[in-house]
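In listed order, ligands and their atoms are each counted from 1.
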Amino acid sequence: MDLYEYQGKQYLARFGIPSSPGVLCNTVDEAQSRADDLGYPVVVKAQVKVGGRGKAGGIQLAADSEDVHRHAAAILGMDIKGYVVRRLWIEKASDIAREYYASFTLDRAVKLHLCMVSAKGGVDIEEVAATDPGAIARLHVDPVDGLSVTESAKLVAEAGLDEVARVQAADLLVKLYDCYVQGDCDLVEINPLILTTDGRVHALDAKVTLDDNAAFRHPEWGELGGSEELDARELLAKEKGLTYIGLSGSVGIIANGAGLAMSTLDVVNQVGGRAANFLDIGGGASADTMVSALEVINSDDAVRSIFVNIFGGITRVDEVANGVVEALRRVELRSPIVLRLDGTNAEEGRQILAGHLSDRIVVEDTMVGAARRAVAMAGSNR
Ligand code: GDP
Ligand code: MN
C-alpha cells in the first residue's frame, strides 16, 4: 500500500524523523483558516499518490492568506498524471539551504536491503541515476547485521552531503532504516531530505510503501484507509479474501497460482485480447472460492468472457471441476466461460464437466487455444 505524503511523514515521525508541522485540508476555506493558525509562509501541497507534483504545479508557496486561497483553489480538483487532487497538506514552509535524497528498498537481485543517498536531491532520482550515476552513494545492508551509525556516517560523507548536515543525516538514516524494517515497508524515500538555512536536517517529502503482507502485524494500518484506492471490484474481492487486481480489459481471468495467473494474462495479450483482472484462487480452489471468484468477475461490467485456467498439482483437477459445477449452479454468469484444465486428474475433471457444457460453457485442451477462444468470445459478445 502506498501512503500519501502526509501519511508517510507521520509514519516517519513515529521513528523520530522530523518534518515541518502541517495540517490536512479538504476545502479552500479550511486551507485558509488552518494556514492562518500555522503562520506564514506555508506550502500548499497536493496529496496524490504520484511523484512530480511540484513540476505539475501541485506544490506552491504561499506568503499570506490570499496566496493560500488562490493556490488551494487551483490545486483542489487538479489532475496530476490521472490522479485528481481531493486533499491538501498545508505545511509550514521551510527555508531550504540544500536538497538531498535518501531511500531504502529491497535489492531482490542480491537479496539485501539497498540504501541510496545523494547530495543531488529534489529532482527526479531516476534522472540523476541516468545522467550522473556517481552522484548516488549506495550501500547494501544485510538484514541480519542492520545499519550502524558508523556505516551510515560513511555513506553520508561518500554521498558528499555538506559537513554541517552529516551528523544529523547519519542519525536520520539509521532511523529511516528502523522505519523501513520495523515499520514493514517495501520502500521509504525522502526526496528531498533538506538542510534548512538554520542548520536542521528534515524530511520535506516522503514516499512510503507498506508491505501489505505484513498488515497482520499492524492493526494500526487499518486507519490509513488504503481501501479508498480500491475500485468496487477490488473491494468485493478483498471482502471475499481473494488475490485480485482489477485491470481494464474484457477477458475475466481465474487461475490457480500467481505464476499461472500471470502467464494467463500474457497469453491473452499475445492472442490479441486484454485481461479484465488478475485473480489467483490459490491452491485450495474449493467450490466456495470458485463461487467468490466468479461473483467478483461477474460484477465487472467490462467483462465479456471468462477464462478459467487450472493446472492441477496438489490441488486435483476433479476437485476444481466439482467447484466449477457447484459455482455454476450458484452464480448466474453474464458471460460465456472457457475452461482449460490440465495436470493431476485432468481427465476426471473433464468428465465431471462434460454434462454441463454448452455454447456458453466450453472446454479447450491447451492454454493458448483457450485464450484464443475466450478472446474471440469477448469480441463477439458485445
Ligand atoms: P514532488 O514534486 O511531488 O516530489 O513534491 P515535493 O514535496 O518533493 O516538493 C517539490 C519541490 O518543492 C521541492 O523539491 C522543493 O524545491 C519545493 N518545496 C516543497 N516544500 C517547500 C518548502 O517548504 N519551502 C521551499 N522553499 N520549497 C519547497
Ligand atoms: Mn519529492
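- Remark: the Thr27 side chain and the Asp29 side chain contain no N/O donor-acceptor pair separated by less than 3.5 Å.
- Nearest to atom 20 (N) of ligand 1 among the protein's heavy atoms is Leu204 CD2, 3.3 Å.
- At least one N/O-N/O distance between Gly54 and ligand 1 falls below 3.5 Å.
- For atom 26 (N) of ligand 1, the choice among Ser94, Gly52, Ser20, Ala93 with the nearest heavy atom turns out to be Ser94.
- For ligand 1, the atoms closer than 4.0 angstrom to any heavy atom of Pro192 are 8 (O), 14 (O).
- No more than 12 heavy atoms of other residues, nucleotides or ligands lie within 6.0 Å of CD in Glu66, so this atom counts as exposed by the packing criterion.
- Between Tyr180 and His113, the ring planes are perpendicular. Angles over 60° get that label, and only those under 30° would be called parallel.
- For the atom pair Tyr6 OH and Arg87 CZ, the distance stands at 4.0 Å (nearest 0.5 Å).
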**OP:** Using the side chain to side chain donor-acceptor pair (under 3.5 Å) rule, take Ser94 and Ser20 through it: C-alpha gap first, then chi angles, then the decisive distance, then the call.
**Re:** CA-CA 7 Å; Ser94 304; Ser20 281; 3.1 Å; yes
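- Here the protein heavy atom with the shortest distance to atom 27 (N) of ligand 1 is Ile96 CD1, 3.3 Å.
- The distance from ligand 1 to the heavy atoms of Ile59 drops below 4.0 Å at these ligand atoms: 5 (O), 12 (O), 19 (C).
- Under the 4.0 angstrom criterion, atom 11 (C) of ligand 1 counts as lacking any protein heavy-atom contact.
- Nearest to atom 4 (O) of ligand 1 among the protein's heavy atoms is Asp205 OD2, 3.1 Å.
- Here is the list of ligand 1 atoms found below 4.0 Å of a heavy atom in Asn191: 8 (O).
- Contacts of Asp95 with ligand 1, taken as heavy-atom pairs under 4.0 Å, are absent altogether.
- Judged by a 6.0 Å distance limit and a 45° cone about the ring axis, Lys49 is positioned over the six-membered ring of Tyr4.
- The side-chain heavy atoms of Arg372 and Glu364, taken from C-beta on, include no pair separated by under 4.5 Å.
- Atom 3 (O) of ligand 1 has its nearest heavy-atom neighbour, among Glu99, Arg53, Lys92, in Arg53.
- The distance from ligand 1 to the heavy atoms of Val43 drops below 4.0 Å at these ligand atoms: 20 (N), 21 (C), 22 (C), 23 (O).
- Note on ligand 1: Lys45 sits in its first shell, one or more heavy atoms being nearer than 4.0 Å.
- Contact record, Val28 with Ala72: CG2-C, 4.0 Å, taken as the closest heavy-atom pair.
- To the nearest 0.5 angstrom, Ile125 atom CD1 is 6.0 Å from Asn191 atom CG.
- Asp205 contributes OD2 as its N, O or S atom closest to the Mn ion (ligand 2).
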